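Scroll down for the structure; my scribbles are underneath it.
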Amino acid sequence: MGRPRRQDDVVTLRPRQPPDDDAIRHLNDKAFGGPDESRLISALRNDGWAAIELVALERETVVGHLLLSKLAVTLGGRGLRALTLAPMAVAPDRQRQGIGRALVRDGLQAAREGGWQAVIVLGHPDFYSRFGFSAGKAALLEAPFRGSAFMALELEAGVLSGRGKVVYPPPFGLGG
Ligand SMILES: CC(C)(COP(=O)(O)OP(=O)(O)OC[C@H]1O[C@@H](n2cnc3c(N)ncnc32)[C@H](O)[C@@H]1OP(=O)(O)O)[C@@H](O)C(=O)NCCC(=O)NCCS
């Protein structure tokens, strides 16, 4: 008897390559039920905001995608090397099987290796708190969002101590 099949046996993660883009667009359109996020992803890439982009592959099929974009964060007049984690999508028939978790884990690892200092996210508190994100760390940041879903993670200890300001890249359409 063989051991039970685990998701890790068949799903692999790697950086996005341009030939993935049609599949990434299909995936996001399906996961979000419309084209808004695919358009956002294209605009972020085209305008030079995309910093880290990963795909999850099941054999040759794209079943997950994560983008981390550059984010303008200033504290005490000093700019931080910060990212926002958005958007992320997993194929509807492959959700709640750990693919999203794997994408976030590898995305944050790539951010650490790239020398990024902090990551900001708007998302489910239960999901992102597993990676160390907290609303408390984001609470002193002036931003278009507030509350428990607006969370931050320091990749360099202490960088988010103090009052600051977050300005999202123009493609997010959040003003500045
Ligand atoms: C959100 C999303 C990327 C998560 O990916 P995933 O592969 O399903 O997530 P994982 O299996 O790794 O982790 C599951 C955890 O995510 C959280 N989660 C996933 N979907 C959720 C939902 N709809 N509501 C609340 N929590 C959710 C839960 O904490 C869940 O843990 P549990 O299964 O123990 O309850 C995926 O569900 C998705 O593509 N959703 C549609 C698009 C979207 O909303 N993207 C996020 C906004 S950018």
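All values reported here derive from a predicted model rather than from experimental measurement. When reading the values below, keep in mind they use all heavy atoms of this one structure, side chains included, and skip hydrogens, waters and symmetry mates. In listed order, ligands and their atoms are each counted from 1.
Below 30°, between 30° and 60°, or above 60°: for Y128 and F131 the angle between ring planes is between 30° and 60°, a tilted geometry. Between F145 and Y168, the ring planes are perpendicular. Angles over 60° get that label, and only those under 30° would be called parallel.
Ion pairing of K137 with E154 is present here, as a side-chain N (NZ or NE/NH1/NH2) and a carboxylate O approach within less than 4.0 Å. Salt bridge status for D20 with R14: present, with a side-chain N to carboxylate O gap under 4.0 Å.
The immediate protein surroundings of ligand 1, defined as residues with any heavy atom under 4.0 Å of it, consist of A31, F32, P87, M88, A89, V90, Q95, R96, Q97, G98, I99, G100, R101, H124, F127, R130.
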Contacts table for residues 62-78: side-chain donor-acceptor under 3.5 angstrom, sequence neighbours left out:
from, atom 1, to, atom 2, distance (Å)
H65, NE2, E53, OE2, 2.8
K70, NZ, G48, O, 3.0

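Donor-acceptor pairing under 3.5 Å is lacking for the side chains of S38 and N28.
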